[in-house]
Amino acid sequence: MTMILVFGGLILLLLSGMPIFVALGLSASAILLIFEGNIGSIADTVFANFDKPILMTIPLFVFMAQLMIRAKVIDDLYDMAHTVVGHIRGGLGVATVLSCTIFAAISGSSVATALSIGSSAIPQMKRFGYPERDALGVIAAGGTLGILIPPSGPMILYAIVSEVSIGALFLAGIVPGLLLALIFSVYCVVRASRDPSQVAPDWAGWGRVLSALRRSIWAVMAPPIVMGGIYFGVFTAGEAAAFGSLYALIVALTVYRSLGLRQIWECARQSMLTSMMVFMIIAGAAMFGHAITIIRLPMGVTELVANMGLGPLGFVLMVMAMIFVMGMFFESIAIILITTPILLPTMHMLDIDLIWYGVLLMINLELAMITPPVGMNLFVIKGITDAPLSEVVRGAAPYVILMLGGLVLMMLVPGLATWLPYAAGFGQ
Amino acid sequence: DATAMRCSHQLPPAHAVSKVIDRWAAEVETLSQGEIDVQVFGADSLVGAKENITATAKGDIECAFSVQFQWGKTLPIMTVTTRPFAFSDMNIWRNWDGSDAANFLEDKLRQKGVENVVWLFQTSDSVFTSKGKYLKAPEDFKGLKIRGLVPAFNSAIEALGASPVSMSGGEVYQGLATGVIDAALTGTDAAVSRKYYEVQDHFAVVPVISVYFHGYLNPKFYAGLSDTAKAALDEAGKKAAVWAVEEAEAAAAAAPADLATKGVNVYTLTPEENKALEAVMQPAFDAKFSSDDPESQKLLELIDQLRGQG
Amino acid sequence: METGANIKSKGAAPKGAVSRLADAVVQIAGALSTALILVAFALTIFAVFMRYVVNAPLMWSDDASGWMLVTLIMLGCAEAYRRDIHIGIDLLTARLGNKAKGAQETFADLAVLTCAILLGISAWEAVTFSYAFDAYTSGTVEVPLWQVQLPLPIGAALLGLVAISRILTRLSKGSSK
Ligand code: NA
Ligand code: NA
């Protein structure tokens, strides 16, 4: 009953069209006022959720993207992609999935990926005649791959709570992550080939490909440089955003010579404004999460599922269904921290492979970012385009189904996740 | 009906201290004859480690557990056991609950605005983790980047010629893996639970600092409890303090072997090696941490009384 | 994306003094927020340089960037809201007529104002409590907690200011017609 009131109230507020962070904040305040008699703790919750150096990556990655957009580095990159894969129907979609995969792997942040790739790629995809809804969907979904492909903050958190090896989990995420990227790519190609409005130009020939490659070399170099910096221990994944921005700044100033101080300030201002949308929702989601945790709502549901007396596969199915529903309303960190400790004893009892479960959990948490009503990547895409949210939701819908398919596949063939870590000697 | 007592802490559920907290919670419920309904929220799931103290003192939640470092400059005397090599005598911890030293600190906490109800000793065995060689003599530390702890202890690390690096807990594993930092200092148990053995290969066990958690209540909430409930908290606190020391001793005994089974090199420093590190680290720590103020002196004397009482 | 421009073009009536003052204050806060992003960028590069090249890691940069983030968010959110850069669910409201749309927007602004007031009260309580408790931040840098919490009530006040200014502007627009 409490649950219906809480979530029903939130949905009503959201539908009234007020800013999402306000709907979340007001729901949280109402819950606290009713059950606690005061709203004492909401400011502390907001402070605690912002006082995280790692979140600085969000404005800095957007800053990097802005620099590359304004310096026209991104234009060259997409000219290159169009020259190389443009003759394949859906090729641009595949190229975008690839850039999302690489960027997500580096940044470890789905929001940063959707923000950076989205703000640079969506206008470009439109430029080359890619249907808008498809462009919105592929970025929303492609961005989520960040937590499945290592390094990944949520994986580390799950590993510590569940006492699974972090290294093993990182390895376990690689094959499913690439597999999902492959599924997304195939979908892009299939969808484009069925769309008669999409006419693909002829193969441009090696000469044009080479010259396009030469022009885009500076943009293409960014990922290996940033990745190399992390790999060789120069900077942490969290610091990579600043170095990406530094690289973009140097290229813009010395190679492209297209930026002045004024434009740099404009880039920073734009990244400030864009990040605010995300930060406001992070604050709202934190308040809402805190309020329903304090009344033990998610704990109650999780305990219910844990005590149902199901067999291993039935249990995992039920848990995944529950987390899918939770994912409509929560963000990933809260779900990991609330459900994992409660489910662990039952998982130990049923002898469920915790590495395998971790991968299933990560895919489900990726889903949470693109399922309405509260889906961070949906909001981000909506924020950086003028598209109505319903259009973003529709664009992402096929990917929800594809990811659910991927989730079921991982459930039926655990080896996809566990083979690599076991082959590397973990779990004996 | 039962009064809800929400207790927040930062530890993952499988952590030894986390298990003691769960046992303590059950004991409080039993002994209070159902008057208190203890709801434990671990792993930072309700309130973060940094916010536990103010959230409890303010009354947003009723109860929390913190590790001593969390008090920092807010109540520096709580961090006295961070002094290198000064508190490795296990008798201090076996005799701790109800001692004059404990009462002295409980008074300080009460003046500050929280009511202490339980002391949970965690460990006196730390481990310096590294790659390629053990960190066992002062010269081994030269030029290394080590994850820092609290300011006074960091100056002790600097005295060894190493550079403390500030890094959030979530980034340490990755930082050790890529070499952004070279080494870390952690509890022997945490070296296992945080998987440092996957990215480091040499572990030097050393009794350099003593780590304890303690549970405290909002004073208003505590004052509102019945005498039965207060007695239950007292009794459960006594028992839990003993369980914590037992767990800690068992863990300390088992941890080096646990680490060794992960296929890494483990070495326990000899008393002479400890002395050599102590000679460099303690003066640097003392210079930064004003352990010569009368209050700290008094506490140190009270603690000294606990040594040697078998 | 820059839908802030649309609002201005819609408003035929000149903005009142309150709104113009609010705009100016919030714009300055927004500029500070932008500047902080550039500072954070430079600081991160500098910190890595000190750690990797000079081998003298900065102990304060990590903590400082967390507090800078709190500050830049709380200073910037009102400016974003003033420019209508925020995300709402437009599933139902996209089909509203002009009059209903105005009512819906006023309702949303009132909701923002309520939220800002609640957050402001809670934030002020947090700051005064930390001050009275003499609480310090824990970690490698120990500064009074209330100082790093101070951007919270300030940000809530700025947000409330924008909400009031938007409501006033809409009201005066309505009465001038
Ligand atoms: Na990643
Ligand atoms: Na969702």
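Chain naming here is simple, since letters A, B, ... match the order of the sequence lines and numbering starts at 1 in each.
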Beyond-backbone contact of A:M287 with A:L24, side-chain heavy atoms, under 4.5 angstrom: no

Which atoms of A:L246 approach chain C - backbone, side chain, both or neither, heavy atom under 4.5 Å: both

Crowding at OH, C:Y131 (>12 non-hydrogen neighbours, <6.0 Å): no

Chain A contact via C:V70 - which portion, at a heavy-atom distance below 4.5 Å: both

Heavy-atom proximity to chain A below 4.5 Å, by part of C:F41: both

Per-residue contact mode, C:L72 against chain A (heavy atom under 4.5 angstrom): both

Portion of A:M56 that has a non-hydrogen atom of chain C nearer than 4.5 angstrom: both

Contact summary for A:M272 and C:G76, nearest pair of heavy atoms: SD-CA, 3.9 Å

Residue selection (most heavy-atom pairs with chain C, distance under 4.5 Å) from A:I264, A:N38, A:I39: A:I39

Step-by-step side-chain contact (heavy atoms from CB on, under 4.5 Å) determination, C:M50 to C:N55: CA-CA 6 Å; C:M50 290 301 285; C:N55 204 23; over 6 Å; no

SB check A:E266 A:R262 (cutoff 4.0 Å): no

Minimum heavy-atom distance A:M276-C:C77, with the two atoms named: SD-N, 3.7 Å

Neighbours of chain C found in residues 368-375 of chain A - heavy atoms under 4.5 Å: A:P373

Listed partners of A:P123 passing side-chain contact (heavy atoms from CB on, under 4.5 Å), at least two apart: none

Segment of C:L118 engaging chain A (4.5 angstrom heavy-atom cut-off): both

Aromatic plane relationship, A:F288 with A:F7 - under 30° parallel, 30 to 60° tilted, over 60° perpendicular: perpendicular

Minimum heavy-atom distance between A:S119 and A:I69, given as atom pair plus value: O-CD1, 3.6 Å

Segment of A:S41 engaging chain C (4.5 angstrom heavy-atom cut-off): backbone

Side-chain donor/acceptor of A:Q263 to backbone N/O of A:G260, under 3.5 Å: yes

Spacing of CE belonging to A:M277 relative to CD1 belonging to A:I282, to within rounding of 0.5 Å: 11.5 Å

Donor + acceptor pair across side chains of C:D63, C:T140 (<3.5 Å): yes

Inter- and intrachain pairs under ring-ring contact (aromatic ring centres under 6.0 Å, His included), touching residues 27-57 of chain A, at least two apart: none

Close side-chain approach of A:L55 and A:I58, heavy atoms under 4.5 Å: yes

Side chain to side chain donor-acceptor pair (under 3.5 Å) between A:Q66 and A:S271, worked out: CA-CA 7 Å; A:Q66 285 293 328; A:S271 61; over 6 Å; no

Shortest non-hydrogen separation from A:A114 to A:I384 and the atoms involved: O-CD1, 3.8 Å

Heavy-atom pairs under 4.5 Å with chain C, option from A:V234, A:L378, A:L13 with the top count: A:V234

Best-contacting candidate, C:G30, C:A108, C:S33, against chain A by heavy atom pairs under 4.5 angstrom: C:S33

Which atoms of C:V53 approach chain A - backbone, side chain, both or neither, heavy atom under 4.5 Å: neither

Interface residues of residues 150-160 of chain C facing chain A - non-hydrogen atoms under 4.5 Å apart: C:L152, C:L159

Under 4.5 Å from any heavy atom of chain C - which part of A:L249: side chain

Check: A:I122 and A:I139 side chains under 4.5 Å, non-hydrogen atoms: yes

Options A:F235, A:F21, A:F243, A:F63, ranked by heavy-atom pairs under 4.5 Å with chain C, top entry: A:F243

Structural part of C:Q104 lying under 4.5 Å from a heavy atom of chain A: side chain

Option in C:A64, C:A80, C:A111, C:A47 with maximal non-hydrogen atom pairs under 4.5 Å from chain A: C:A111

Residue among C:I121, C:V127, C:L119 with most heavy-atom pairs under 4.5 Å to chain A: C:L119

Most chain C-contacting option - heavy-atom pairs closer than 4.5 Å, from A:V393, A:N49, A:I20, A:L389: A:I20

Nearest heavy-atom neighbours spanning C:V141 and C:M59: CG2-O, 4.0 Å

Among C:L38, C:L43, C:T114, residue most engaged with chain A (heavy-atom pairs, under 4.5 Å): C:L38

Which atoms of A:K382 approach chain C - backbone, side chain, both or neither, heavy atom under 4.5 Å: side chain

Chain A contact via C:A35 - which portion, at a heavy-atom distance below 4.5 Å: both

Distance under 6.0 Å and angle within 45° of ring axis: C:R166 vs C:Y81: yes

Interface residue of largest heavy-atom contact number with chain A, from C:I37, C:I73, C:T93, under 4.5 Å: C:I73

Test item: C:T137 side-chain N/O and C:V143 main-chain N/O as donor-acceptor pair under 3.5 Å: yes

Toward chain A, the part of C:F107 with a non-hydrogen atom under 4.5 Å: side chain

